[in-house]
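This report concerns only the one structure given below.
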Amino acid sequence: MNDFSELRKEVSSWINANWDPSLDLITWRKKLADSGWGAPDWPKEDFGMGLSPEESSIIEEEFSKKGVIGAAQSGVRLLAAVTILEHGTREQKDRYLKPILTGEENWCQLFSEPGSGSDLAGATTRADLIGDEWIINGQKVWNTSAHHADFGLLVARTNWDVPKHEGISYFIIDMRQKEVEVRQLRQMNGHASFNEVFFTDARVSRENILGTEGRGWQVAMTTLAYERRSFDRARRVSSDMAGDASIYREYEMELEKANEPYKWYPQRAGRGDLVLETAIETGAIENAAIRQEIARFHVLNESAKWTAARAKAAQKAGQPQGPEGSLGKLAASRVAQSAARVHTSIMGNGALLTGEGSLKDGILAEVLVSTPAISIAGGTDEIQKNIIAERVLGLPKEPRFDSGPFRDVQKNADKSST
Amino acid sequence: MNDFSELRKEVSSWINANWDPSLDLITWRKKLADSGWGAPDWPKEDFGMGLSPEESSIIEEEFSKKGVIGAAQSGVRLLAAVTILEHGTREQKDRYLKPILTGEENWCQLFSEPGSGSDLAGATTRADLIGDEWIINGQKVWNTSAHHADFGLLVARTNWDVPKHEGISYFIIDMRQKEVEVRQLRQMNGHASFNEVFFTDARVSRENILGTEGRGWQVAMTTLAYERRSFDRARRVSSDMAGDASIYREYEMELEKANEPYKWYPQRAGRGDLVLETAIETGAIENAAIRQEIARFHVLNESAKWTAARAKAAQKAGQPQGPEGSLGKLAASRVAQSAARVHTSIMGNGALLTGEGSLKDGILAEVLVSTPAISIAGGTDEIQKNIIAERVLGLPKEPRFDSGPFRDVQKNADKSST
Amino acid sequence: MEYLFTKEQTQFRESLQNFFRKHSPTSEVRRLMETQLGFDREVWKNACGSLGLSGIAIPEEYGGSGFGPVELSIVCEEMGRSLYCSPFLGSVICAGSAINLSSANKETKEQYLSRIASGEIIAALAVTENKPMWGDENFVTAATPIDKNTFQLTGEKNFVISANAADVILVITNLEERATLFAVERDAEGLDISDLSVMDPTRKMSACSFDKTLAKCVGSIDLETLCSHVLIYLSNEMIGGAQQLLDSAIDYTKLRFQFGRSIASFQAIKHRLAELLLELELAKSACYQAAQALSDNEKIKERSSLAKSAANEAFLKAGLECIQLHGGIGFTWENDTHLWFKRAKSSEVLLGNSAINYERLLLAIPTVDSVLRRAS
Amino acid sequence: MEYLFTKEQTQFRESLQNFFRKHSPTSEVRRLMETQLGFDREVWKNACGSLGLSGIAIPEEYGGSGFGPVELSIVCEEMGRSLYCSPFLGSVICAGSAINLSSANKETKEQYLSRIASGEIIAALAVTENKPMWGDENFVTAATPIDKNTFQLTGEKNFVISANAADVILVITNLEERATLFAVERDAEGLDISDLSVMDPTRKMSACSFDKTLAKCVGSIDLETLCSHVLIYLSNEMIGGAQQLLDSAIDYTKLRFQFGRSIASFQAIKHRLAELLLELELAKSACYQAAQALSDNEKIKERSSLAKSAANEAFLKAGLECIQLHGGIGFTWENDTHLWFKRAKSSEVLLGNSAINYERLLLAIPTVDSVLRRAS
């Protein structure tokens with residue numbers, strides 16, 4: 001077994017020689033990007049060092065140990081980076097990769113549409129090549145960062161006469177043009193985490209297609225595969241590094257901005273951790289009927305945690321991560337709904353209230369109006385069940401009704417979704 | 001409003017003149033059949049009097065009041081009768097109707113097959129015309145009276161090259177031939193209410209087709225429509241008439257034989273009536289957790305009763321009986337399953353036992369192993385949900401895969417069903 | 001109504017639907033829920049006047065139209081369906097029932113009921129201190145006698161519906177160990193009404209505190225019976241909301257296409273809507289049966305809690321399914337589903353969740369009650 | 001096992017599967033369940049001898065192979081899957097654990113455990129008098145001292161697993177207010193064993209009555225711990241049964257065609273099987289975790305009841321779904337589903353249904369326990 005002591009020594013000496021918390025954030029990161037230590041698993045010619053993921057995580061560890069700020073990771077910038085690394089031209093890599101690492105430019109993902117939530121390949125946003133420009137018209141939704149993005153990863157239809165997966169292309173779009181309108185979308189729990197984006201004759205210059213025309217689905221798969229793998233990681237970034245220098249404040253503001261859309265996610269997951277505590281505080285634990293509900297929830301919650309741990313262990317042991325993730329997602333959905341129900345019972349009249357003054361500083365009230373989202377976001381429970389049935393249990397697929405030319409596939413009558 | 005006093009007088013005087021409890025059952029019923037009073041809603045030329053259903057029920061009332069035994073009703077004989085009345089030839093009516101009324105000949109229904117439970121029109125029992133005889137090969141299942149039937153109402157496929165509903169014919173088959181083998185089918189609750197029937201080159205003479213070749217589905221619809229309407233009635237027949245004469249004993253034996261397959265049906269429905277009683281007797285009612293379960297069941301049970309009453313009232317008020325029956329069936333299924341669960345909680349260790357010595361003379365143990373049948377028999381819960389979704393809520397139908405020639409429709413690989 | 005609504009009742013329902021469709025579209029609900037008052041005084045006057053809603057269940061002798069509980073339940077159901085914002089539940093159902101069921105003499109009843117019926121005044125009923133179910137409270141609010149009919153109240157009441165708009169607050173607390181109804185005028189000294197930040201903004205609630213506040217004694221009252229009355233009307237309101245959610249889910253799934261087919265053609269969705277319909281029809285039966293029980297004055301304690309628990313489950317399920325079947329859009333503020341969902345969550349706990357009502361309904365069955373008394 | 005079974009454990013499981021596939025096909029289960037003894041002595045000897053099943057969890061010092069709770073749970077799971085008819089649960093799990101957990105000295109333990117391990121004797125454990133959960137009983141069976149180690153037992157014990165085949169009955173009752181384990185030889189005077197008519201004929205049970213029956217005192221025992229041990233092994237057996245039912249439902253729906261398509265292609269059926277898989281995987285996690293808890297001797301009371309309630313729900317659901325997805329044929333005697341369904345129903349109540357285990361697991365959480373003690 002390699003304990004990577006050589007590598008640790010190397011990174012350590014580089015840090016000692018270069019890390020300077022008195023620099024401003026961008027200046028530091030430019031240095032980092034140029035050195036290759038900011039993205040060591042990227043190719044050498046693209047701001048990386050061509051190292052393995054395992055080696056990369058050793059380097060990350062060393063940075064973290066020493067309280068050194070790494071390359072920017074927040075938002076969907078890394079999705080943009082891997083996609084450009086795999087499908088981009090030399091020019092695209094040169095133009096976009098460095099500002100991704102430095103945090104100078106922000107990105108958003110423009111995949112979902114009001115008319116195609118679960119059915120990504122059913123996108124109807126259109127891109128028409130006129131002269132040297134692609135002209136974009138349509139609407140995207142459910143992205144978390146369009147309102148402060150410089151560039152967007154856009155999936156749009158360029159050919160309506162072929163089956164749906166074959167008529168899609170993938171673009172890098174400049175979000176700062178006035179033909180792109182971003183509106184924040186408020187949720188029923190009062191937060192506004194997502195945006196709608198409207199394109200009215202928006203422009204993408206010809207060289208900003210990623211991959212080739214009509215092969216956008218394959219490019220999107222790269223983005224999605226990485227999204228699935230890195231979901232945990234992207235959220236996990238937090239400032240556990242100490243330090244008074246202004247670079248740390250810059251860094252924290254960056255994180256805060258990136259995490260803003262997700263601040264209600266713990267409530268979406270049901271806050272099962274508060275069940276027993278609240279039951280004891282309110283005295284609800286003394287009620288035998290409520291105890292039954294609490295115990296039932298506890299069984300589900302513990303079982304779900306262990307199921308997740310089993311899946312993770314299997315993955316670590318080299319068994320490939322497959323559709324078992326769908327089981328975890330379905331379990332999380334059950335846990336959240338069950339938590340909301342048991343919280344309600346424990347809260348009693350308290351569930352009539354909302355806001356800061358209500359139980360647990362309003363957190364529980366927020367749970368009640370947030371948990372419905374968990375069985376929808378990131379693929380509905382229904383989609384997860386299809387995946388489990390077909391890919392885990394090997395049951396036959398549903399017959400398809402959308403395999404012909406996309407022009408002939410039945411679609412929503414109008415695009416407004418209410 | 002007609003109070004039918006004339007009719008009452010007339011039936012009364014006929015009874016006074018003719019009813020003679022010292023006759024044996026068959027002799028009495030022959031007289032009854034010849035008089036027309038045994039089936040007053042049948043046509044005059046077919047042992048009836050051409051009266052309306054309402055008038056008919058007045059006559060039945062009078063018979064019942066005076067303790068007079070009416071025409072035979074048990075089993076599926078009346079299904080046979082209505083089907084023959086509507087689709088039969090003169091010769092068929094003359095041959096079969098009278099012994100139906102007298103009880104001399106018994107009938108069974110041969111529709112369901114192991115390979116087509118919910119999908120009746122998917123029957124694969126075949127009938128091939130060879131000379132002047134139809135030769136029958138195949139297997140039927142789920143009938144309750146084949147083991148003492150003289151004749152069967154048989155649905156079989158006569159044409160494999162047309163869509164499934166168009167290739168079926170309807171036959172009257174002699175069950176006493178050795179080419180027909182009847183085997184009783186034991187259920188998981190120990191009762192044996194149903195039969196499997198095997199046909200190996202069994203014969204039906206050419207004149208015993210009902211309706212015309214290839215129109216058997218329409219004939220079967222007559223049988224099924226009457227089955228749905230008369231289900232309650234057929235079960236309701238009971239001997240509330242007093243009397244010592246041997247004709248009553250003959251009558252009771254007839255009923256007992258006919259009701260034998262259904263004696264566990266109350267258990268199948270969950271015996272919700274015993275929930276509270278058992279909980280009080282066992283002391284389980286003192287347990288707060290069990291009380292929650294009992295109350296939850298009670299809410300369901302009462303709501304289901306009232307829902308059934310509402311549907312019945314709507315029907316009485318002239319609103320046509322429609323697919324709402326499916327809601328009732330689905331509710332009954334929930335009630336039974338919920339009853340089994342709450343019984344289990346109340347029984348505690350008692351649920352480990354079975355047989356006469358166990359709780360409530362074994363009735364509760366029988367509930368536990370009988371309720372799973374209710375969501376299957378007479379159309380599964382899944383079929384009911386399809387009906388409700390499509391016919392009550394107006395949701396679109398599933399795409400069909402069996403509309404082409406039946407020969408090409410995908411079927412079970414082999415006909416053995418385990 | 002013996003299992004079926006009469007033709008007159010059905011026509012009455014349709015006239016209500018027309019009124020609410022016109023006066024309470026969701027745009028109006030959204031406007032009003034953001035206001036402090038929470039309803040439109042003009043529309044409320046109109047509802048009291050031309051439609052006579054506020055007097056519908058008040059006996060004719062007190063100026064009401066004296067319809068029965070079945071008609072009043074129809075009103076509640078249609079209000080629940082349209083989410084009509086008004087003081088109906090607080091003033092007419094809660095306060096009106098309290099006055100009517102109290103031991104007050106005819107004159108006193110008339111004094112309040114006729115003005116509630118005409119819409120001249122809005123009343124609110126203050127019962128809850130801590131417990132969800134009124135019958136479970138050990139009231140600590142103190143009533144100190146001043147003269148024969150006048151008392152000083154000191155204490156706090158919570159979750160008082162429509163107190164923000166009330167001209168008179170009716171307060172229930174114990175007097176000589178008997179639940180007793182007192183009337184406090186809005187301008188009485190020592191009365192403080194503070195609006196609560198509620199989950200369901202279409203139904204305003206306040207906390208009321210009394211500090212030696214002068215109150216008139218209206219009479220004693222059977223709290224369980226009052227509780228049963230309110231439970232039954234609330235439950236009927238709830239199934240109206242559930243029906244609206246089911247309708248909305250059906251309409252949406254029929255319109256929406258994914259994977260080249262209407263999502264309403266997916267069997268999983270069809271079956272879930274079928275199950276939701278069943279759940280709703282069962283709950284409707286329970287709620288209609290409870291209204292009939294009120295009419296017959298029979299088993300109302302059992303039936304009221306039965307209705308409430310059935311309505312709880314159906315309404316909540318309808319809310320969750322309606323969001324789920326709408327997908328992401330169903331979770332947005334812009335989509336109307338959450339208005340009913342929040343009503344469902346609030347109504348679920350108002351006067352006790354299902355568990356509390358399960359226990360209450362079983363104890364209303366004499367055999368159960370007597371066994372448990374013997375056991376304890 | 002830290003979340004994953006080791007390669008050795010997986011191989012061990014496969015060897016068990018081969019053995020049971022060969023020796024316990026359902027034809028054999030059906031034959032044996034109709035006999036009074038309920039198992040095949042030859043196969044049992046073979047299982048004890050070549051496979052060493054009876055000694056698997058018995059410490060090496062007592063002649064067992066000294067595997068851990070995880071391996072023993074694998075045995076139980078595979079037995080549950082194949083419905084292998086044997087005295088394993090009664091003799092090895094119940095009686096073996098009782099001896100092992102008792103305060104008896106090494107010599108006494110050896111005397112019993114070595115013979116149980118070798119399969120030389122079959123032991124049964126008699127605890128239950130009335131309550132489903134052992135820890136809830138107030139034993140009335142009396143133990144009267146004759147000399148230091150010899151007692152006379154008088155009383156009745158019910159639902160004693162495999163007592164019909166037992167050479168020795170181990171009885172638990174109170175001695176000086178402490179749960180104590182006694183051994184009664186099969187031929188002891190005053191011992192009456194009468195077979196019960198049980199719902200699950202693949203697991204024989206008897207009622208045992210003692211009338212001044214001579215018994216040897218084995219030692220005192222912590223009843224809660226014993227109960228937790230048995231609960232954990234029983235739960236692991238149950239998920240094996242649930243897995244078999246799920247597999248059977250999947251196989252059948254794939255083979256079966258209606259309306260011109262495989263019924264496994266209907267979305268409603270696909271989704272239900274997906275949900276059943278989830279339920280089963282969750283229960284498996286709970287059961288494996290409980291076995292691990294035994295291994296770590298940590299939180300075993302909480303984990304055992306957690307496992308049992310999860311296994312209860314999963315096994316019952318698997319049984320109901322498996323029947324339903326088979327349609328009519330699934331309700332016949334001829335079809336094998338009911339064999340597991342009856343095991344599911346019986347196992348559900350054995351050592352407490354979910355409600356009882358819910359309460360038990362919460363009380364095993366120290367903070368809950370202390371609050372409730374304070375409250376009562």
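As the structure is a prediction and not an experimental result, all values here were calculated from the model. In what follows, chains are A, B, ... by sequence order, proteins preceding strands, each numbered from 1.
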Stacked cation flag D/Arg256 on D/Tyr252, 6.0 angstrom / 45 deg
no
Relative to D/Phe5, does D/Arg13 satisfy both conditions: NZ or CZ under 6.0 angstrom from the six-membered ring centre, and within 45 degrees of the ring's axis?
yes
Assess whether side chain to side chain donor-acceptor pair (under 3.5 Å) is satisfied between A/Glu293 and A/Ser345, documenting all intermediate values.
CA-CA 8 Å; A/Glu293 282 191 68; A/Ser345 291; 2.8 Å; yes
Most contacts with chain A, counted as non-hydrogen pairs under 4.5 angstrom, among [options]:
| options | value |
| --- | --- |
| D/Leu282, D/Val368, D/Leu273, D/Ile365 | D/Leu282 |
| D/Gln267, D/Glu313, D/Lys284, D/Arg261 | D/Gln267 |
| D/Ser354, D/Ala375, D/Ala264 | D/Ala264 |
| D/Ile250, D/Asn357, D/Thr253 | D/Ile250 |

Tightest non-hydrogen contact, residues A/Arg271 and A/Pro266, listed as CD-O, 3.3 Å
Region of A/Gln384 that comes under 4.5 Å of a non-hydrogen atom in chain D
neither
Side chain, backbone, both or neither: which part of A/Ile280 has a heavy atom under 4.5 Å from chain D?
side chain
Report which part of [X] has an atom under 4.5 Å of a heavy atom belonging to chain A: side chain, backbone, both, or neither.
| X | answer |
| --- | --- |
| D/Leu278 | both |
| D/Ser305 | neither |
| D/Lys270 | both |
| D/Arg272 | neither |
| D/Leu361 | side chain |

If you count heavy-atom pairs under 4.5 Å with chain D, which of [options] comes out on top?
| options | result |
| --- | --- |
| A/Leu330, A/Thr307, A/Asp381 | A/Thr307 |
| A/Gly394, A/Ala288, A/Ala311, A/Ala279 | A/Gly394 |
| A/Lys397, A/Arg334, A/Lys305 | A/Arg334 |

Less than 3.5 Å apart, any donor N or O on the side chain of D/Ser265 or A/Glu398 sitting next to an acceptor on the other?
no
Determine, stepwise, if the pair A/Asn386 / A/Glu382 fulfils side chain to side chain donor-acceptor pair (under 3.5 Å).
CA-CA 6 Å; A/Asn386 284 344; A/Glu382 289 70 37; over 6 Å; no
Quick check for you: to the nearest 0.5 Å, what is the distance between A/Leu327 atom CG and A/Ile388 atom CD1?
4.0 Å
Mind checking whether D/Phe259 and D/Phe266 have parallel, tilted or perpendicular rings, split at 30° and 60°?
perpendicular
Compute the ring centroids of A/Trp142 and A/Phe111, then answer whether they are less than 6.0 Å apart.
no
